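Since this is a predicted model, take the numbers as computed values, not measurements. Computed from heavy atoms alone, side chains included, the values below leave out hydrogens, waters and symmetry copies. Here is how names work: the chains are called A, B, and so on, in the same order as the sequence lines, proteins then strands, and each is numbered from 1.
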2 protein chains.
Amino acid sequence: MDSCKHEACVRKVPIFSDLDNEKINKLNSLVKQRKFKNGELIYLEGEIGKNIYIIESGLVKLYRSNEEGNQYILRLLKEGDFFGELVLFKEEQLSSSAEAVGDCTICMLPKDELEKLIKSSPELSYKLLSAITSRLNKTENKLQSLALEDAKEKTMRLLLELAKESGIKKENGILINLPLSRDGLANLIGTTQETLSRKLSALQQEGLISIQGQKKILIKND
Amino acid sequence: MDSCKHEACVRKVPIFSDLDNEKINKLNSLVKQRKFKNGELIYLEGEIGKNIYIIESGLVKLYRSNEEGNQYILRLLKEGDFFGELVLFKEEQLSSSAEAVGDCTICMLPKDELEKLIKSSPELSYKLLSAITSRLNKTENKLQSLALEDAKEKTMRLLLELAKESGIKKENGILINLPLSRDGLANLIGTTQETLSRKLSALQQEGLISIQGQKKILIKND
DNA sequence: CGTTGATTTGATTAGATTCAACATATGTGG
DNA sequence: CCACATATGTTGAATCTAATCAAATCAACG
């Protein structure tokens, strides 16, 4: 809970990484750390957002759900990613929910303080703009995918994305450690676990992938 | 083509609207105006983006298409909206195509110049952040809609959005002037024109809407 | 008034969801 | 370490929704 840990946290975030020491120290003094257990809710859609969250360690899923309780996972975040930032500048209410995937440690930075810092630091706003722009672009990619691709294409795209994010190169392909259950993965691409499971089996039969237990998939070369 | 027109254009854009006169004049001197005819391509996905585009008058659709030629319309833009901005900060290649819907007049601002201006104006970056953040939020809303809703729900949501954007209040409901053909509208919600047509008919039968010719729909009260 | 393009409707098909059964892991207490 | 209980994942069959292809209707315009 001391400043040493905080520093690590702030420094891990690319958009803060090359701020000068004075500003880093300022941020450190404002950050609070908290641990969340697997499945624990970090915040719920509709709440008033007062913080920006930074992942010190672990995974977090941001999702939305409708009245019938179906959920769609907007993003899966890892160490060094930040979230809750849509509440800066405009919105009061959080538009999605955040939940810990596995145990994780989260740093919280009061929104008001970050707003002040942003206003006084062109450098920082520029980086933030860059980060959010890139997110918008990724989100538009997903829109296109949901609108135009069928379940098999979306499944393959999901695997390729996971591979890009955190795939491990092997001599016969790229090994993926699946961060979520089938159900969670299905929610990432707007389908059901049964459909995902079928498509994975089909891809394996075609020789494109190899399903290794329930938490690993190898995308084969060629 | 003179500065008088340019000023109108720059002033129409909310994020520029309350810059000081010096900056407005700077922008005016950099802006070039061009007219596009209905259906004319403004830019194509994959091109290198060198400008930010501002709509002086008319409508523009931003869309993406896949190999099979299916298109998904990301956004429909109107007077005062700007686009092409994803290319600031990072991306070189444009990730979507832009096409004139009806005749329109577009102002173009060189990307490099805007980048300079942004770096020197915290106020402007703040507004831009706010604008892009709000866009990201809207895009996430669409994702949720595509992932979780069926064709009928998406159709109703589309009508409600159009009504919010540009609906005209009548004594018996809200009248919408449809900006696109059935096919275009269908592409906005990731479905086909036939399905959209069926869903509109169904909504009319249920008494929720009244289809008035091919370019107008009334959303009835209650 | 006829031609053209847009829209609606109909019939069929393809794809995904649902619900159910089965299989495979994971975890717990004896 | 095993047996059982619980989770998670896979497969099958029926159903349903939306896409596709084709035909019919409607609207706009010269």
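- Using a 4.5 Å heavy-atom threshold, the side chains of A/I106 and A/I54 count as separate.
- Considering every non-hydrogen atom in both B/G84 and B/I52, the closest pair reads O-CD1, 3.7 Å.
- Residue pairs that meet the side-chain hydrogen bond (donor to acceptor under 3.5 Å, both in side chains) test with at least one member in residues 70-79 of chain B, sequence neighbours left out, are B/K12-B/E79, B/K61-B/Q71, B/K78-B/E165.
- To the nearest 0.5 angstrom, B/I211 atom CD1 is 7.0 Å from B/S197 atom OG.
- Smallest separation of non-hydrogen atoms from B/A98 and B/F83: CB-CE1, 3.7 Å.
- Within a 6.0 Å radius of CD in A/Q205, other residues, nucleotides and ligands contribute 12 heavy atoms or fewer.
- Side-chain nitrogen and oxygen atoms of A/S201 include none within less than 4.0 Å of the OP1 or OP2 phosphate oxygen of D/dT10.
- Base pairing in DNA chain C gives the following stems of 3 or more Watson-Crick or G-U pairs, range against range and under 3.5 Å: C:1-23 with D:8-30, C:25-30 with D:1-6.
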Could you run down the sub-3.5 Å N/O contacts of the protein with nucleotides 26-30 of chain D?
none

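- Between the side chain of A/N51 and the backbone N or O of A/Y53, no donor-acceptor pair lies under 3.5 Å.
- In this structure A/E149 satisfies the salt bridge (charged side-chain N to carboxylate O under 4.0 Å, His left out) test together with A/R157, sequence neighbours excluded.
- A/K154 is linked by a salt bridge (charged side-chain N to carboxylate O under 4.0 Å, His left out) to nothing, counting only residues two or more places apart in sequence or in another chain.
- Within the structure, side-chain hydrogen bond (donor to acceptor under 3.5 Å, both in side chains) contacts touching residues 37-48 of chain A (residues at least two apart or in different chains) are A/R34-A/E40.
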Between protein and nucleotides 21-25 of chain D, what N or O pairs are separated by less than 3.5 Å?
| residue | atom | partner | partner atom | Å |
| --- | --- | --- | --- | --- |
| D/dC21 | N4 | B/E194 | OE2 | 3.3 |

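- The nucleotide range of DNA chain C contacted by chain A, defined by atoms under 4.0 angstrom from heavy atoms of the protein and reported 5' to 3', is C/dA16 to C/dT26.
- A salt bridge between B/K138 and B/E161 is absent, with no side-chain N of the basic residue lying under 4.0 Å from a carboxylate O of the acidic one.
- Across all non-hydrogen atoms, the minimal contact from B/C107 to B/E56 is SG-OE1, 3.8 Å.
- The distance from atom CD1 of A/I211 to atom C1' of D/dG9 is 10 Å, rounded to the nearest whole Å.
- Ion pairing between a basic and an acidic side chain is recognised when a charged N comes within 4.0 Å of a carboxylate O; B/E140 and A/K142 show no such pairing.
- Between the side chains of A/T195 and A/T192, at least one donor N or O sits under 3.5 Å from an acceptor N or O.
- Taking the side chain as every heavy atom from C-beta outward, A/V101 and A/V60 never approach each other to under 4.5 Å.
- Listed by residue number, the members of residues 146-159 of chain B with any heavy atom below 4.0 angstrom from DNA chain D are B/D150, B/A151.
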Please list, one pair per line, the donor and acceptor atoms closer than 3.5 Å that link side chains of residues 172-189 of chain A to other protein atoms, with sequence neighbours excluded.
| residue | atom | partner | partner atom | Å |
| --- | --- | --- | --- | --- |
| A/S181 | OG | A/D183 | N | 3.4 |
| A/S181 | OG | A/G184 | N | 3.2 |
| A/R182 | NH1 | A/Q214 | O | 3.1 |

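- The one candidate from B/I73, B/L44, B/L74 that meets the side-chain contact (heavy atoms from CB on, under 4.5 Å) condition with B/S96 is B/L74.
- Against the 90° criterion about 0, the sugar-base torsion of D/dA7 places it in the syn range.
- Within residues 173-193 of chain A, the residues that place at least one heavy atom under 4.0 Å from DNA chain C are, in residue-number order, A/T191, A/T192.
- Under the salt bridge (Lys or Arg N to Asp or Glu O under 4.0 Å) criterion, the residue pairs touching residues 198-216 of chain B are B/K152-B/E206, with sequence neighbours excluded.
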